Amino acid sequence: MLIEPGSLTLEQIQTLHAGAVSLQLADSCLAPVAASAAVVQAAAAGDAPVYGVNTGFGKLANQRISQSQLDTLQLNLIRSHSVGVGEPLDPAVIRLMLALKAASLARGYSGVRQTVIDTLLAVHNAGLVPYVPSQGSVGASGDLAPLAHMTLALLGEGEMLVDGQRTPALPLLQAAGIAPLKLAAKEGLALINGTQTSTALALHALLTFEPVLEAALVIGALTVDAARGSDGPFDPRIHALRGQPGQIDVAKYYRALLAGSEIRQSHQEGDDRVQDPYCLRCQPQVVGACLDSLRHAALVLVREANAVTDNPLVLPQGGAIDWASGSDQGERGGIMLSGGNFHAEPVALAADACALAIAEVGAIAERRIAMLIDSNVSRLPPFLTADAGLNSGFMIAHVTAASLASENKSLAHPASVDSLPTSANQEDHVSMATFAARRLQAMIRNTAHILGIELLAAAQGIEFLRPLRSSTALEQVHALLRQDISAMAQDRYLAPDMAHATTLVTSGALSSIFRTLPGLPKLWTPS
């Protein structure tokens, strides 16, 4: 796959995330990379203090480093910053980190040599996975610890993951024909001072949640039929009057999923209920708002995937360098500007928005389960069992769903509002973006389990409405579940059924049915 730095699309990121793709940078990046590297080399050869080139880092920026020690300065930076703890990051996240860091450096504003970018791509293309502990970053100044572990592997001093096991990196690099990277001035700082870990984690969550959200739409529609709910609340005229794009699209999804249902028709002919519970009729308003939030997060994250986020930035503009002021004076080759693009606040806020959306999708699903098992509301047998009392049916499966929804409420607390100063108060406001994005995986798992339970409950509800049939799409969903899980005539060991149903949610099996519906907008693209 050819990467044009600064032009990555969400579709390309999805391909990167899935793996088994070889990356190549467009030749257009070669000249800007060489020009910015020349600026750094000129600074390294000069006498003026330049942050990241011949000074210490953070609070130690006032400490000058001699020219003979500049390469050692960068190596020490990587070694000292490789202080992560916890379980290793998922290989899909590491693939994104390698690709996004290469794409960022290749824009030509970081002052690294081409060999740095080539090494990142070579490790990615060889299928090597640097060992990167998941904890230890506050999301400014960049994702220092995780990116340092990634870089340490490129140097041959760190480790790789092989079948989940930590393995010395050097022999694996040698076996792949990759020369261990040797750092020059500023290159260690450019590699670790950026948002590629938090961005990769947030994109990983967004893409992991995609099939779960599509499954939520499918299962929510199945529950509407199981409860003999009305499709009137999905009328396009209602949603056009509000004008919220996600709401309009979700209503459109539900109309398509429910089209042609015999159960719908029976409701229209003989049901005396005036209005359905909110968990049924307000699905476009709730899930649509979540979709709008996720779509905005996707836009922010794609921007960040294309961004230059290290510091200082190198602007090879054909002018002299006034290292003290950063002004371009017209003789020597460019300027270096210190700023704060490494601060991951955009990622933190996007990840927090994703957390709220993920929690709400699970919360309304839990309410639909509660509605189905309540015979006073659903008009189905109590707890979806024909012999209630002797059998408990879905009584305690709902308790599990409730516990997971409650857990998501705690996990949804915004990470971005919790800043702790670091580096002796030099870095006095940080984003906590890395945790904001990392915690999303637990929330997605919780929501997927809730939806798996709802799938079982809704399918059980449909059984009580036979011989009436649902729509073609929803009958496909019902049949897919029944291939491996029979209707529950009496109580049985339910946990394996729940696990299988959750796999249908996360694997994309329900997404494949959703995506066959004609004329619908893609999930991330508003109609």
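All residue numbers in this chain count up from 1 along the given sequence. It should be emphasised that the depicted structure is a prediction, and the values quoted were computed from it without experimental measurement.
Here the side chain of N311 pairs a donor or acceptor atom with the backbone of G339 at under 3.5 angstrom. With S134 contributing its side chain and E87 its backbone, the two residues share a donor-acceptor pair below 3.5 Å. Between the D352 side chain and the A415 main chain, a donor and an acceptor come within less than 3.5 Å of each other. A donor-acceptor pair is defined here as one N or O able to donate and one able to accept, closer than 3.5 Å; no such pair exists between the side chain of K186 and the backbone of A44. Judged by distance alone, with hydrogens and angles left aside, the side-chain atoms of N306 form a donor-acceptor pair with the main-chain N or O of S7 at under 3.5 Å. Side-chain N or O atoms of D418 include none that pairs as donor or acceptor with a backbone N or O of P414 at under 3.5 Å. Looking only at distances, a side-chain donor or acceptor of T503 sits under 3.5 Å from a matching main-chain atom of A499. One N or O on the side chain of R295 and one on the backbone of L523 form a donor-acceptor pair closer than 3.5 Å. Here the side chain of S36 pairs no donor or acceptor atom with the backbone of V314 at under 3.5 angstrom. A donor-acceptor contact shorter than 3.5 Å links the side chain of T506 to the backbone of T502.
With sequence neighbours excluded, no residue forms a ring-ring contact (aromatic ring centres under 6.0 Å, His included) with Y109.
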In residues 286-293, what donor-acceptor pairs under 3.5 Å come from side-chain atoms, sequence neighbours left out?
unit_1: D292; atom_1: OD1; unit_2: G246; atom_2: N; d: 2.8
unit_1: D292; atom_1: OD2; unit_2: G246; atom_2: N; d: 3.2

Counting only pairs under 3.5 Å, give me each side-chain donor-acceptor contact of residues 196-204, with atom names and distances, residues two or more places apart or in other chains.
unit_1: Q196; atom_1: OE1; unit_2: K101; atom_2: NZ; d: 2.8
unit_1: Q196; atom_1: NE2; unit_2: T309; atom_2: OG1; d: 3.2
unit_1: S198; atom_1: OG; unit_2: D143; atom_2: OD2; d: 3.0
unit_1: S198; atom_1: OG; unit_2: T195; atom_2: O; d: 3.2
unit_1: T199; atom_1: OG1; unit_2: T195; atom_2: O; d: 2.8
unit_1: T199; atom_1: OG1; unit_2: T195; atom_2: OG1; d: 3.4
unit_1: H204; atom_1: ND1; unit_2: H17; atom_2: NE2; d: 2.7

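The structure places CG of L189 at 9.5 Å from CZ of F342, a figure rounded to the nearest 0.5 Å. Here the straight-line distance linking atom CG of L73 with atom CG of L183 works out to 10.0 Å at 0.5 Å rounding. Interatomic distance, L217 CG to L517 CG, rounded to the nearest 0.5 Å: 10.0 Å. The CD1 atom of I358 sits 6.0 Å away from atom CE of M443, with the distance rounded to the nearest 0.5 Å. Atom-to-atom distance recorded for I78:CD1 and L147:CG is 9.0 Å, nearest 0.5 angstrom. For the atom pair R439 CZ and M432 CE, the distance stands at 12.5 Å (nearest 0.5 Å).
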Quick one: do T72 and I65 satisfy side-chain contact (heavy atoms from CB on, under 4.5 Å)? Show the steps, please.
CA-CA 10 Å; T72 302; I65 310 300; over 6 Å; no
Verify side-chain contact (heavy atoms from CB on, under 4.5 Å) between T151 and H81, making sure each step is shown before the conclusion.
CA-CA 10 Å; T151 303; H81 284 52; over 6 Å; no
Check the pair V505 / I219 against side-chain contact (heavy atoms from CB on, under 4.5 Å), numbers first and verdict last.
CA-CA 9 Å; V505 169; I219 296 166; 3.8 Å; yes
Steps toward side-chain contact (heavy atoms from CB on, under 4.5 Å) verdict (L520, K252)
CA-CA 7 Å; L520 294 182; K252 190 179 295 184; 3.7 Å; yes
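In this structure, the side chains of L173 and M160 come closer than 4.5 Å at one or more pairs of heavy atoms. Using a 4.5 Å heavy-atom cutoff, the side chains of L191 and L120 are in contact. Side-chain contact between V477 and L455 is present, with at least one heavy-atom pair separated by less than 4.5 Å. Put simply, the side chain of L301 reaches to within 4.5 Å of the side chain of V347, judged on heavy atoms. In this structure, the side chains of L16 and H124 come closer than 4.5 Å at one or more pairs of heavy atoms.
Residue pairs meeting the salt bridge (charged side-chain N to carboxylate O under 4.0 Å, His left out) criterion with at least one partner in residues 144-173, sequence neighbours excluded, are R79-E157, E159-R166. Within the structure, the salt bridge (charged side-chain N to carboxylate O under 4.0 Å, His left out) test picks out the following pairs touching residues 515-527 (sequence neighbours left out): E210-R515, E214-R515. Sequence neighbours left out, not one pair with a member in residues 27-52 passes salt bridge (charged side-chain N to carboxylate O under 4.0 Å, His left out).
Across S28 and P32, no two heavy atoms sit closer than the pair O-CD, 3.3 Å. Closest heavy-atom contact between I94 and L89: CD1-CB, 3.8 Å. Smallest separation of non-hydrogen atoms from V112 and A190: CG1-CB, 3.5 Å. The two atoms that bring S512 and A509 nearest to each other are OG-O, 2.6 Å, heavy atoms only. Shown here for V430 and A140, the closest heavy-atom pair between the two residues is CG1-O, 3.6 Å. Across all their heavy atoms, N193 and G142 have their closest contact at OD1-N, 3.9 Å.
Within a 6.0 Å radius of CD in E11, more than 12 heavy atoms belonging to other residues, nucleotides or ligands are found. Heavy-atom neighbours of H296 NE2 from other residues, nucleotides or ligands within 6.0 Å: at or below the threshold of 12.
T447 and N408 are linked by a side-chain donor-acceptor pair at a separation below 3.5 angstrom, with hydrogens and angles left out of the test.
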